[in-house]
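So you know, we letter chains A, B, ... as the sequences are listed, proteins then strands, and number each from 1.
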2 protein chains.
Amino acid sequence: MVTLSEENYLKAIYHLGKQGSVVVSTNAIAEQMETKASSVTDMIKKLADKNLANYIKYQGVSLTKEGRLAAASVVRKHRLWEVLLVEKLNFSWDEVHEVAEQLEHIKSEKLINELDAFLNYPEEDPHGDPIPDKEGNIKKVEKILLSQVDENQSCICVGVKDSSTDFLKYLDKHHISLGTSIKIISKEKFDESMTINVNNALINISKIVSNNIYVKKG
Amino acid sequence: MVTLSEENYLKAIYHLGKQGSVVVSTNAIAEQMETKASSVTDMIKKLADKNLANYIKYQGVSLTKEGRLAAASVVRKHRLWEVLLVEKLNFSWDEVHEVAEQLEHIKSEKLINELDAFLNYPEEDPHGDPIPDKEGNIKKVEKILLSQVDENQSCICVGVKDSSTDFLKYLDKHHISLGTSIKIISKEKFDESMTINVNNALINISKIVSNNIYVKKG
DNA sequence: ATATATTTTTAGACAAGACTAAAAATATAT
DNA sequence: ATATATTTTTAGTCTTGTCTAAAAATATAT
Ligand SMILES: [Mn+2]
Ligand SMILES: [Mn+2]
Ligand SMILES: [Mn+2]
Ligand SMILES: [Mn+2]
C-alpha cells in the first residue's frame, strides 16, 4: 500500500529525476513540493524502507524500479484524468491541474483502464505531455524550447514546460495553443526577447515565455 | 474546509438520520462506519465545533442545516460518479460502490456540475437511489419492500436496500435488475420465504432477499 | 588548509484520526 | 427503588505527516 503522501513524493522525485541526474537532492524535493527539507528526509526513509527509493544519507535519493513504476502510474492517472476533463467535461487546459492532483490518487485498476479506452487511448495530455503506458513507458517525443529556435525559422507548438494557470492564460490571450504555427521574426540580443508571428499577428515575447514553450520543426 | 473523514461521518449520520429519528446514537454511527464508539465521540465534537452537527452529550447527534447540505453533497457526488462508472466506463452495478467511496471526496464544483450535465442530469444511481440536487433536495419516490407485497400481486423492481457486491451478484444470477417485473406466486408462513415469477421462471427467495428489494406497484 | 556557507539530518513537538481501558451516565429488570 | 446491563465519554497511547531549532555533514572560498 502506497499512501497519498508517498505517491506525491514519488511523483516529485520522478519528475526531478528526468530533468538532469537521476539522483535528486533533499532540497530540490522540498522546493518542488513546497515543504520543508526535514519532512522530505523523513519521507525518503519511509520510501527506502518500502523499497521504492534508493537512499544514501547526505547523497540524495533515486527511485527503484518499483518506485519508478508507482510514480509513472500516478503520472499516467493524472494525465488521463486531464484528458477526460478537457475532452468530455468542458474544462480548459488551465483549469485541469488542480483537480487532476486529486484524481490521480484514486485507486482502481479497472477505472484507469476503462478511462484509457473511453478516451481512445490518448498519447498526450492537454499540455502536450506524454501519457505513460501501464508499464510506465513513455513515448519520448523530440521537442525543443522555442527560445532555441533561430530567426526566420518556423515551428509548431507541441507543449508547455510551465503549466500554471497564469502562463496558460497568457498563451490563450495570444492565441497560442497546441498545434499553433509560430515563425520567429527577430531576436533581441539585449534581453533575449523575440518577436514572433502567430496567426499573422506579430507579438513580442520575453525569454521567460520562449523558455516555457516546446516546439517541433515545421 | 471539511476533511475526508468528516465527510464520511456526515454521510453516515445523514443516512442513519433518514431511516428513523433524526437524532442518531454514537453506537449506530460506530457500527455503520466500522469504527469504535470513542472515535465517534471525538469526531462528533469536531463536527459540532464546526457547526455541522447538533450534539448534546449522551443524547445523540443530528445534522445542522449546513451539515445536512454537506452530507447531501457527498451523496450527490457518490451517486453521480456511480452513474458515470456504469453508463460510460463499463462497470457493473456491483463494482461501483468501492470506487465511488473514493471519488465522492474530490473537491471541485465545476467537476460535479459538468459531470451532471455530461450524464444528462440523471435522477437515480445504478441502484435506484435518488441523486440529490445542488441544494440537497431529493425526489422522494414511493417504493415498498418486496416482502410487503401480497400474493398474486405484480410489481417492478425499482431499487435495492443492500447494495453489497454479494447481494447484487445474487440478483444478477437470478436476472433481477432495475425495471424487472416480479409476480408474487406464493408466500410461506413458516419462514416468510416467497416464490416469485421473474421472466417466466419461478424462483424461491428468502425473507432476507425480499426485504432488500424495493418495488413499485405495476 | 582552514574558515565559512550551505545542505542535510536529528531531536522534539504538534495536529488529525484512530484505538484500548476505565469511568460516568443512562437504560432496564426485578 | 435498587441492582445490573448497556451506552457513552474520558484519559491516555499510537501512527502519519508535518514543523522548528539545533547539530552534523558536505561544499565553497580564500
Ligand atoms: Mn497537470
Ligand atoms: Mn498529487
Ligand atoms: Mn454506493
Ligand atoms: Mn467515503
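- Contact between the side-chain N/O atoms of Ser39(A) and the OP1/OP2 oxygens of dC19(D) is found at a separation under 4.0 Å.
- Against DNA chain C, the stretch residues 5-18 of chain A makes no heavy-atom approach under 4.0 Å.
- The nucleotide dT4(D) finds its pairing partner in dA27(C), both defining distances of the Watson-Crick or G-U wobble pair being shorter than 3.5 Å.
- For the OP1/OP2 pair of dT8(D) and a distance below 4.0 Å, the side-chain nitrogens and oxygens of Asn27(B) include at least one atom meeting the criterion.
- For Thr41(B) against dT10(D), no side-chain N or O and base N or O form a donor-acceptor pair under 3.5 Å.
- Nearest to the side chain of Thr3(B), among dT8(C), dT18(D), dG17(C), sits dG17(C).
- Comparing dT18(D), dT10(D), dC19(C) by their nearest atom to the side chain of Lys57(B) picks out dT10(D).
- Distance, Tyr55(B) OH to dT7(D) P: 16 Å, rounded to whole Å.
- Classification of the His127(B)-Trp93(B) ring pair by plane angle, with boundaries at 30° and 60°, yields parallel.
- The distance from atom NZ of Lys36(B) to atom P of dA22(C) is 15 Å, rounded to the nearest whole Å.
- Spacing between atom NZ of Lys45(A) and atom C1' of dT18(D) amounts to 14 Å, rounded to whole angstrom units.
- The side chain of Tyr58(B) sits closest to dA25(C) out of dA25(C), dT10(C), dA24(D).
- The 5' end of DNA chain D is approached more closely, in terms of each residue's nearest nucleotide, by Ala28(B) than by the other of Ala28(B) and Asp42(A).
- Applying the side chain to side chain contact (heavy atoms under 4.5 Å, CB included) rule to Asp94(B) yields the partners Ser92(B), Thr165(B), Leu168(B), Lys169(B), Asp172(B); only residues at least two apart in sequence or on another chain are considered.
- Of the charged side-chain nitrogens involved, at least one lies within less than 4.0 Å of a carboxylate oxygen, so that Lys11(A) and Glu101(A) count as a salt-bridged pair.
- Of the candidates Leu10(B), Val61(B), Val2(B), Asn54(B), Leu47(B) forms a side chain to side chain contact (heavy atoms under 4.5 Å, CB included) with just one, namely Leu10(B).
- Between the side chains of Ser25(B) and Asn27(B), no donor N or O sits under 3.5 Å from an acceptor N or O.
- In this entry the distance linking CE of Met1(A) with P of dT16(D) reads 14 Å, nearest Å.
- Whole-Å rounding puts the Asp49(A) CG to dT16(D) C1' distance at 14 Å.
- Across every strand in view, dA11(D) sits in a pair with dT20(C) that passes the Watson-Crick or G-U test at under 3.5 angstrom.
- For dT9(C), the base has no donor-acceptor partner in the side chain of Thr26(A) [N/O atoms by modelled type, under 3.5 angstrom].
- As a whole-Å value, the separation of Leu4(B) CG from dG17(C) C1' is 11 Å.
- Checking dC19(C), dG17(C), dC19(D) against the side-chain heavy atoms of Thr35(A) singles out dC19(D) as nearest.
- A side-chain N or O of Asn8(B) and one of His105(B) form a donor-acceptor pair less than 3.5 Å apart.
- Using bins of under 30°, 30° to 60° and over 60° for the plane-to-plane angle, the ring pair Tyr170(B)/Phe167(B) lands in the parallel bin.
- Atom CD1 in Ile56(A) sits roughly 11 Å away from atom P in dT9(C) (whole-Å rounding).
- More than 12 heavy atoms of other residues, nucleotides or ligands lie within 6.0 Å of CG in Leu4(A), so this atom counts as buried by the packing criterion.
- At whole-Å resolution of the value, CD in Gln59(A) and C1' in dT8(C) are 11 Å apart.
- In this structure, the nucleotide among dT8(C), dA21(C), dG17(D) sitting nearest to the side chain of Lys46(A) is dG17(D).
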